[in-house]
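Let me begin by presenting the structure, written as structure tokens, before commenting on it.
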Amino acid sequence: MDIMATPPRVLNSLASSSGVKARKFADRTATVVLWCMASSIILLLAAFIIYMFWIGARYLTPAFIFGLPAETSAGGGIGPEIYNSFYILILTLIFTVPIATAAGVYLQEYARPGRFRELVVFSAESLATVPSIVMGLFGLLVFVYLFKWKFTALGGALTLTLLNLPALMRVTQEALSSVPDSFREASMGIGATKWQTILRVVLPSAIGRMTTGIVLIAGRIFGETAALIFTAGLSVSTNSPYDINPFHTAETLAVHLWYTHTESIVPDVDRIGNGSALVLLIMVLVFNISARVGGRALSKRLTGRPS
Amino acid sequence: MFRNAAIAALALGFSISIGAQAALADVSLTAAGSTALLPLVKDAAGAYQTAHPDVKISVSGGGSGTGINQAAAKAIDIGDSDILAPTHPELVDHKVAVTGFAVVVNPDVTVKSLTKQQIQSIFDGTVTNWKQFGGQDQKIVVINRTLGSGTRVVFEKTVMAPDKLVDSGLTEDATGTVISVVKQTPGAISYAAFSGTHGQPVTELAIGGVAATEANVVTGKYPFWSYEHMFTNGPATPDVQKFIDYVSNATDLLNKNAFLKVGAMKVTETDR
Amino acid sequence: MIASIAQRAHRNERIALNVLRFAAYFVIFAMAVLLLYLAVEGTKTFFVDRFSLFSFLFSPTYDLDSNHPGAAIFIVGTLLVTVFAIAVGGPFGIAVGVFLSEIAPPRMALVLKPAIELMVGIPSVVYGWLGLVFLVPIIREHTSSASGFSLAGAGIVLAIMILPTVISLSEDAFTSLPQALREGSFALGATRFQTIVRVLLPSASTGLAVALILGIARAVGETLAIQLVIGNATAFPVNVFAPTATLTTVIVGQMPSATEGSLQEHALFSMAFLLLIIAMLLILVVRFALRKRS
């Protein structure tokens with residue numbers, strides 16, 4: 001109970017406020033107002049979700065989810081777009097996870113405070129501030145024009161890697177910092193090198209948090225649009241819609257939603273829009289829930305601790 | 001860490017090898033550009049791929065400017081465009097069809113025909129209310145096309161000239177979105193190709209009393225038309241040429257999408 | 001045998017360290033290349049095409065036919081839409097942050113916090129689409145806007161999108177305040193509301209400023225959600241219900257058709273470079289503020 005912690009200016013203003021009743025009224029009103037504001041957010045979100053299900057659920061037929069997109073007529077599906085969303089997601093993670101984890105481990109466990117460390121942190125933070133559209137332009141310059149790849153899933157994935165490196169680095173660092181130092185000390189105490197400690201003790205300990213973070217970032221990658229428009233392209237081929245070749249033009253579901261509403265020539269724009277948005281929402285929900293559940297389960301398996 | 005890196009390297013190498021194989025085995029074509037030509041190209045691509053299962057064709061829109069630009073950058077094989085590309089001498093022009101364009105208005109608007117001068121006065125900003133042309137007392141909502149649109153250039157050349165377009169209203173990117181905005185917005189006016197306007201719940205204005213039909217385009221009485229070009233960077237490769245020839249000869253697809261064969265025209269133009 | 005195990009362990013240690021250091025170098029390299037490339041492309045408008053920087057920033061005429069790409073309309077558009085979003089989302093976000101930190105009982109927090117995380121996860125294109133199918137018709141029916149595409153629509157969508165950022169950072173700002181502050185205030189007989197307004201808010205002001213600045217950074221860089229509802233008109237909005245355009249929407253709208261090497265392409269890259277500079281400046285301000293606090 002340290003009254004000294006409250007600044008003198010504030011002490012004076014508190015002491016001079018008028019009437020207990022007035023103050024209590026203000027307090028109660030404010031509480032009500034804040035409760036309303038907070039509840040309105042939950043209501044807003046619930047309203048969004050219910051609205052999207054209401055206008056979109058009827059379109060989620062197998063023909064829609066697995067069908068090919070329509071050329072100019074009604075009745076198209078989004079199968080290849082969903083495939084491309086996952087394809088690019090996995091490809092992006094293949095690049096991002098190793099590099100970001102490595103950089104994060106370096107920053108957290110090895111780097112001594114100094115110019116080099118500051119530079120890495122600054123670079124990561126700067127990369128994080130680049131707007132996704134600007135990153136997409138960079139990808140266009142490098143992969144489509146300079147490398148002459150044209151529009152490819154690989155180009156999109158590499159662009160997304162740059163975009164998500166900082167986030168995953170932060171996840172790694174936070175996960176590593178949550179591992180108690182006693183683990184490291186005990187391990188080194190029995191003669192392990194620093195690297196052995198990290199590889200076999202610290203990382204497995206941190207895996208729960210890392211998984212949660214990676215899955216949440218995966219959810220963001222799944223919904224990414226601006227960076228992919230100029231790198232992965234706006235179309236899929238009807239003859240090979242489920243192409244394994246990473247150099248194929250890969251329109252993802254999120255890009256398709258945007259494309260349908262800016263270049264639409266199919267008469268059933270609403271159907272495709274509402275259905276696609278709902279599928280995207282469901283995927284986000286799935287990623288969100290499995291991030292928590294999966295992270296906790298993995299952690300219990302590998303370390304016996306819940307996280 | 002090592003394991004991850006090794007797996008990543010292997011996966012990449014694996015993918016690249018598949019990519020090389022696939023690139024050698026199948027024919028892969030990309031076409032992009034004009035949203036006016038898009039319905040025809042998409043229908044043709046569908047039919048062509050059914051007939052030739054070893055060919056992969058990807059088609060998208062983006063506007064004539066995009067088509068020209070990306071063909072010039074060799075990012076795509078075929079650039080679809082409503083207009084010529086005089087600033088890109090390396091692009092080879094293949095005229096595949098002729099299309100008419102219509103000035104469309106929201107169905108609530110009671111005006112059904114306008115002269116060229118009247119249209120110009122709307123799009124240069126001087127006239128702002130439908131009542132000045134005998135319509136209701138309703139604000140004219142002008143919707144233009146974006147700068148990369150070939151439709152816009154054709155409009156400027158054949159209807160607006162010598163007057164200048166004033167670009168201060170809404171702009172929409174593609175044929176499809178223009179139609180959906182016009183049909184929802186009372187008092188709206190815009191312009192798009194027949195492939196997007198015929199059969200839609202919007203009114204196609206007659207220009208100077210001449211109705212917006214293919215028959216009037218053929219005779220040249222209706223001024224708002226252009227050739228549809230498929231540009232290739234350099235001469236077309238045999239695979240690309242086969243597809244281009246297919247598009248220009250697909251009579252039923254041309255008719256379905258309100259295009260005309262180049263040879264059917266009774267007048268010719270060289271500026272578009 | 002034991003010596004060779006130790007040797008192997010040390011060799012692995014050195015290899016691992018080099019691999020990790022390589023990853024760190026890659027991050028620096030990526031950022032440097034990005035910055036360089038954008039700086040080079042973004043300044044061609046001024047060095048190669050000899051268009052004046054002053055005109056680019058302040059001229060409201062964007063006319064490519066006369067080689068005059070003045071970006072003032074778009075800069076103002078970005079500014080207006082951001083101000084709108086912060087004006088609506090800022091206070092609301094801080095209020096809910098306060099709520100989460102000071103008032104919410106654990107069960108309420110258990111519902112609210114996941115809800116906010118879910119909001120973060122929803123893709124921006126879905127927000128834009130919701131604005132398009134839900135908000136635009138409402139604006140069209142009930143305001144002076146003829147088409148429903150407006151600055152207000154974009155501002156509202158953006159406000160909702162930055163809410164989670166502002167809320168969680170505000171909450172952090174409050175929870176990190178020492179408990180002694182609250183206890184001291186209560187000991188003097190202040191109500192909770194008085195404590196929040198007169199004691200906690202001033203003390204958390206740096207953290208709240210950071211929350212707002214990061215919300216601004218998010219708003220400045222948003223592209224597609226805005227593009228679907230703002231109308232893309234190359235003009236200053238006459239009122240809050242009129243359409244306009246921002247730096248991000250004009251880039252995504254015109255880049256595909258901008259010929260490589262043309263003035264248009266250079267101008268668009270200058271806009272992208274400008275966006276990057278604005279974002280980096282905002283982050284520098286945040287770092288400066290955080291450093292001052294500690």
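Chain letters run A, B, ... following the sequence lines, proteins first and then strands; every chain starts at 1. This structure is a prediction, so every number in the text was calculated from the model and none was measured.
Here the shortest heavy-atom pairing between A103(A) and A23(C) reads N-CB, 3.7 Å. V27(C) and M169(A) get closest at one heavy-atom pair: CG2-SD, 3.8 Å. Of all non-hydrogen atoms in R23(A) and A190(C), the two that sit nearest each other are NH1-CA, 4.2 Å. Closest approach of F230(A) to I251(C), counting heavy atoms only: CZ-O, 4.4 Å. Nearest heavy atoms, P123(C) versus L280(A): CG-CD2, 4.5 Å.
When the candidates P131(A), A38(A), S132(A) are compared by the number of heavy-atom contacts under 4.5 Å with chain C, A38(A) comes out ahead. Ranking A32(C), G128(C), A30(C), G121(C) against chain A, the residue ahead of the rest is G121(C), based on heavy-atom pairs under 4.5 Å. When the candidates V220(C), T248(C), L228(C) are compared by the number of heavy-atom contacts under 4.5 Å with chain A, L228(C) comes out ahead. Chain C forms more heavy-atom pairs under 4.5 Å with one residue of L216(A), N288(A), L141(A) than with any other, namely L141(A). Highest contact tally toward chain C, considering only L285(A), N274(A), L281(A), V255(A), is held by N274(A) [criterion: heavy-atom pairs under 4.5 Å]. Taking chain A as the reference chain and counting heavy-atom pairs below 4.5 Å, the highest number among T223(C), L224(C), L35(C) is found for L224(C). Most heavy-atom pairs under 4.5 Å with chain A, from the set S124(C), G189(C), A279(C), P178(C): that is A279(C). Ranked by heavy-atom pairs shorter than 4.5 Å toward chain A, the options M119(C), M255(C), M271(C) are led by M255(C). In terms of heavy-atom pairs under 4.5 angstrom with chain C, the leader among T29(A), V120(A), V33(A), I229(A) is V120(A). With chain A as the partner, the residue from F26(C), F273(C), F193(C), F269(C) showing the most heavy-atom pairs under 4.5 Å is F193(C). Note: L257(A) leads L257(A), L44(A), I99(A) in heavy-atom pairs under 4.5 Å with chain C. Contact count versus chain C (heavy atoms, under 4.5 Å) is highest, among M283(A), E109(A), E125(A), for E125(A).
Formation of a donor-acceptor pair under 3.5 Å by the R192(C) side chain with backbone atoms of T31(A) is not found in this model.
Using a 4.5 Å heavy-atom cutoff, the side chains of W129(C) and S276(A) are not in contact. When side chains are defined from C-beta on, Y106(A) counts as touching L17(C), because their heavy atoms get closer than 4.5 Å. With a 4.5 Å cut-off on side-chain heavy atoms, Y51(A) and L130(C) count as touching. Counting heavy atoms from C-beta on, the side chains of M108(C) and W35(A) come closer than 4.5 Å. Side-chain contact between T193(A) and N12(C) is absent, with no heavy atoms from C-beta onward closer than 4.5 Å. Looking at heavy atoms from C-beta onward, E41(C) lies out of side-chain contact with L137(A) at the 4.5 angstrom threshold. Side-chain contact between I122(C) and L45(A) is present, with at least one heavy-atom pair separated by less than 4.5 Å. Proximity of I15(C) to W195(A): side-chain heavy atoms (C-beta onward) are nowhere separated by under 4.5 Å.
If you measure heavy-atom distances from F92(C) to chain A, the contacts under 4.5 Å come from both the backbone and the side chain. Interface remark: L162(A) contributes side-chain atoms only to the contact with chain C (heavy atom separation under 4.5 Å). At a 4.5 Å heavy-atom cutoff, the contact between L163(C) and chain A is made by side-chain atoms alone. Contact annotation for V33(C): both backbone and side-chain heavy atoms come within less than 4.5 Å of a heavy atom of chain A. Neither the backbone nor the side chain of L282(C) comes within less than 4.5 Å of any heavy atom of chain A. With a 4.5 Å cut-off on non-hydrogen atoms, Q227(C) touches chain A through its side chain but not through its backbone. Interface remark: V98(C) contributes side-chain atoms only to the contact with chain A (heavy atom separation under 4.5 Å). For chain A, the nearby part of I160(C) is the side chain; its heavy atoms alone come within less than 4.5 Å. Heavy-atom distances place no part of A217(C) under 4.5 Å from chain A, backbone and side chain included. Contact of I49(A) with chain C is made through the side chain alone, with heavy-atom distances under 4.5 Å. Heavy atoms of I198(A) lying under 4.5 Å from chain C are absent altogether. Contact of V142(A) with chain C is made through the side chain alone, with heavy-atom distances under 4.5 Å.
How far CG of L132(C) is from CH2 of W258(A): 13.0 Å, rounded to the nearest 0.5 Å. If you take CG on L118(C) and CZ on F48(A), they are separated by 11.5 Å, rounding to the nearest 0.5 Å. For the atom pair I103(C) CD1 and L34(A) CG, the distance stands at 4.5 Å (nearest 0.5 Å). Remark: I277(C) CD1 to T129(A) OG1 distance equals 11.5 Å, nearest 0.5 Å. Rounding to the nearest 0.5 Å gives a distance of 12.5 Å between CD of Q108(A) and CG of L20(C). Rounding to the nearest 0.5 Å places OG of S126(A) at 10.5 Å from CD1 of I28(C).
More than 12 heavy atoms of other residues, nucleotides or ligands shown are found within 6.0 angstrom of OH on Y110(A). Heavy atoms of other residues, nucleotides or ligands lying less than 6.0 angstrom from NZ of K113(C) number 12 at most.
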For I167(C) and I41(A), run side chain to side chain contact (heavy atoms under 4.5 Å, CB included): C-alpha distance rounded to whole Å, both residues' side-chain angles, the deciding distance at 0.1 Å, then the answer. CA-CA 11 Å; I167(C) 292 177; I41(A) 294 205; 3.3 Å; yes
Can M135(A) and L34(C) be said to form a side chain to side chain contact (heavy atoms under 4.5 Å, CB included), step by step? CA-CA 8 Å; M135(A) 195 63 88; L34(C) 184 82; 3.9 Å; yes
After noting the C-alpha distance and the side-chain angles of F138(A) and L276(C), does the key distance pass the side chain to side chain contact (heavy atoms under 4.5 Å, CB included) rule? CA-CA 12 Å; F138(A) 180 65; L276(C) 185 61; over 6 Å; no
Go through R287(C) and V121(A) one step at a time and tell me if the side chain to side chain contact (heavy atoms under 4.5 Å, CB included) criterion holds. CA-CA 12 Å; R287(C) 295 192 98 206; V121(A) 171; 4.0 Å; yes
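Using cut-offs of 30° and 60° on the angle between ring planes, the pair Y25(C) and F116(A) is tilted.
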